[in-house]
Amino acid sequence: MEAGFSTLDYVVFAIYAVVIVAVGLWVSRSKKGVQKTAQEYFLADKSLTWWAVGASLIAANISAEHFIGTSGSGFAIGLGIAAYEWIAAITLIVVAKYFLPVFLKNGIYTMPQFLQSRFDKRVSTAFAVFWLLVYVFVNLTSVSYLGALALEKIMGVPLQYGIIGLLIFSGIYSIYGGLEAVAWTDVVQVIVLIAGGLVTTFLALDAVGDGAGVFAGMANLYEGAREHFVMIIPRGEIMIPDGTGGLKDAFQDLPGIAVILGGMWLTNIGYWGFNQYIIQKGLAAKSIEDAKRGLIFAGYLKILIPLLVVIPGIAAWVLINKSTPEELSVMLNVPFEQIGTIDKSDEAYPWLLKNFVPAGIRGLAFAALAAAIVSSLASMINSTSTIFTMDIYKVYFKPDASNNQLVRSGRLVAIVALGIAMLVAPQLASLDQVFQYIQEYTGYIYPGVVAVFCMGLFWRQITGNAALWTAIATIPAGIVFKVIYPDMPFILRMGYVFIILLLIASLISFAEKKTYQNPGYKADGRGSTTLNAGYFFMLLGIIMAIVGIVQFNTWASIGIESAFMMSAMLLMLGVILYTNVKMKTADPKSLTVDPKLYNTATPFNLGAAGIILIVVLLYYFFWM
């Protein structure tokens, strides 16, 4: 299915490649005779403005799994897959207001470093190993595979060569320049990926509208694929390819209201709040205010992303299912054999690029796809080297390492990670929707990540032993649930694992005797805002549990059992607020945060309100 790139396409793409490498090398250049410091290499010397933070966040996030994987899920499932984007937009508000200010105030380089300062070296190392495994064996491999799949389908580049080429290209400037090179090239990358992505979307919609324009195309798209425009997917209503030639229920991937009440929150909070290659962009901000504004900017971009990656997938479904081969042949003025088919859902976006994007513009559209792939790979490479260097090498091998030794370690680890990804990535070729593969396998880790980090940030009672055993139990608990309930949607499974982990952390924390005086203790507590908030959240949690129990059978088809996870989360939040005030002792390494740190200015509040309003309206219009 080669696209037959024209000379102009190659010129456009070549210009993009040269500009990215040139920008990356230029911004990260060092003065003659001056060595890069660790802060420069791993945190871009804390120089990122709010717009650079927001752009870099989106460039790191939007990758092949979006342009290829999410479009594939849009082709198979529909708009429902946009839940990952729109829930993420709200999550970014929470991260900006409550998480990032604490990390910045404490001068954190990496997420495991925070765990070491809050708990101990054991917890830090456990999560450092977690993240290294995920980055190398899930993230780097899946993004390079999907990018190479696009190269194969569009340009005819063999899959293995595509994987090697993408990994080497992304490593050229990221390994040399560190986060400074990654972040500032991301600003260029995000402009290219949004511009090129919109071009593909508009051309696809124009084709669906029979040449009558984008709005006519959108109307035809909605009429031709109405079942694809639902956010809440009931059990048994939509069947999709399972990757082995059969079909499965789409409820397995997006189980009803669990995307609002269940494990979708764990995925987003874990990813946006505690994922090194994402949060590292916020840690590199010039100031706390720049970091907060950058995340709000990223939130608005996340609302836009489904237009770039989901709508094209739905358009491909309409074009190939609602048109006869003869009609497509006439529309494109080429033989049907040259048009090709979509054998796997993840082939939808390359199929659009090949057939509906004209020469010249195709180079820009492919540059957008390449920008998404390369920017994400570069961020993952940099964060892999950061975590290994700061949390493994410096802690266990060379505590007194110089800046030069730290930077050299980071570069060597990045090269090793690239080599491993080159070997593992081709093994993903048997999957139908790689985006779902990514979500499911990171889902084994996120319940423990969210439990440990959130409790560590806000609860004065959680101890190092509680955090360690919660981390240790995370993956085994997920595997046990997978074995016992193999047909349970992974989003629901994450919710049940999260409940168990909260119980483990709470029981161990309460069982351990403490002598450190709780700085927030109030003997009376009456009139305390914190205490009243604790009562409120506990009441909400009880109500949510009752709804889940009473309606368990009636609303089972829309995933009402996800209410139990939300209930546990609300109850735990209530317990945290209550015990922070009413228990005399606390863990000696617990955080005491000035409430003023959570204050936000009017522009931030208005921006956050706008994001919430837009997401609520989108769910209202496309509920079921």
Side-chain angles (χ1 to χ4, degrees), residues 1-20 62 64 66-68 71-72 74-75 147 149-157 162 188-189 191-221 224 304 307-342 346-374:
M1 190 199 284
E2 284 189 49
F5 262 38
S6 69
T7 302
L8 182 58
D9 289 320
Y10 284 113
V11 169
V12 170
F13 185 73
I15 290 172
Y16 150 76
V18 170
V19 167
I20 290 302
I62 303 305
H66 282 82
F67 275 103
I68 306 298
S71 288
F75 179 89
L149 177 66
L151 286 174
E152 183 180 49
K153 296 299 179 183
I154 298 167
M155 299 175 69
V157 177
V188 180
Q189 306 264 38
I191 294 171
V192 173
L193 75 87
I194 290 177
L198 285 174
V199 166
T200 304
T201 299
F202 292 159
L203 290 170
L205 288 174
D206 186 61
V208 174
D210 296 322
V214 172
F215 293 107
M218 200 68 201
N220 288 355
L221 191 71
L304 175 68
L307 184 63
L308 277 63
V309 297
V310 181
I311 295 301
I314 301 174
W317 186 89
V318 169
L319 288 166
I320 208 161
N321 285 285
K322 300 293 183 178
S323 304
T324 65
E326 293 75 19
E327 288 172 336
L328 280 175
S329 183
V330 171
M331 184 188 304
L332 296 168
N333 196 30
V334 296
F336 180 72
E337 293 75 20
Q338 189 176 328
I339 297 171
T341 59
I342 298 176
D346 284 343
E347 295 175 1
Y349 199 85
W351 183 82
L352 278 178
L353 282 186
K354 170 186 179 291
N355 291 299
F356 293 92
V357 179
I361 297 177
R362 188 179 293 130
L364 173 62
F366 191 69
L369 176 59
I373 296 164
V374 172

Which pairs with one or both residues in residues 212-221 pass side chain to side chain donor-acceptor pair (under 3.5 Å), sequence neighbours excluded?
-> none

Do any side-chain atoms of residues 194-205 form donor-acceptor pairs under 3.5 angstrom with protein atoms, and if so which ones, sequence neighbours left out?
unit_1, atom_1, unit_2, atom_2, d
Thr200, OG1, Gly196, O, 3.3
Thr200, OG1, Tyr349, OH, 3.4
Thr201, OG1, Gly197, O, 3.1
Thr201, OG1, Leu307, O, 2.8

Pairwise side-chain contact, Ile339 with Trp351, heavy-atom cut-off 4.5 Å (strictly under) | yes

Sequence neighbours excluded, which residues qualify as side-chain contact (heavy atoms from CB on, under 4.5 Å) partners of Val318?
-> Val208, Leu221, Ala225, Lys322

Does Tyr16 have any ring-ring contact (aromatic ring centres under 6.0 Å, His included) partners at least two apart in sequence or in another chain, and if so, which?
-> Phe13

Check Glu347 against Thr341 and note the closest heavy-atom contact, atom names and distance.
-> OE1-O, 4.0 Å

For Asp206 and Gly213, indicate whether the former's side chain and the latter's backbone hold a donor-acceptor pair under 3.5 Å.
-> yes

With Trp317, the side-chain contact (heavy atoms from CB on, under 4.5 Å) member among Leu319, Ile320, Asn321 | Asn321

How many angstroms lie between atom CZ of Arg362 and atom CG of Asn355, to the nearest 0.5 angstrom?
-> 8.0 Å

Do any side-chain atoms of residues 324-332 form donor-acceptor pairs under 3.5 angstrom with protein atoms, and if so which ones, sequence neighbours left out?
unit_1, atom_1, unit_2, atom_2, d
Thr324, OG1, Glu327, N, 3.1
Glu327, OE1, Thr324, N, 2.9
Ser329, OG, Val334, O, 2.6

Can you list the residues that meet the side-chain contact (heavy atoms from CB on, under 4.5 Å) rule with Ala348, with sequence neighbours excluded?
-> Phe75, Ala316, Ile342

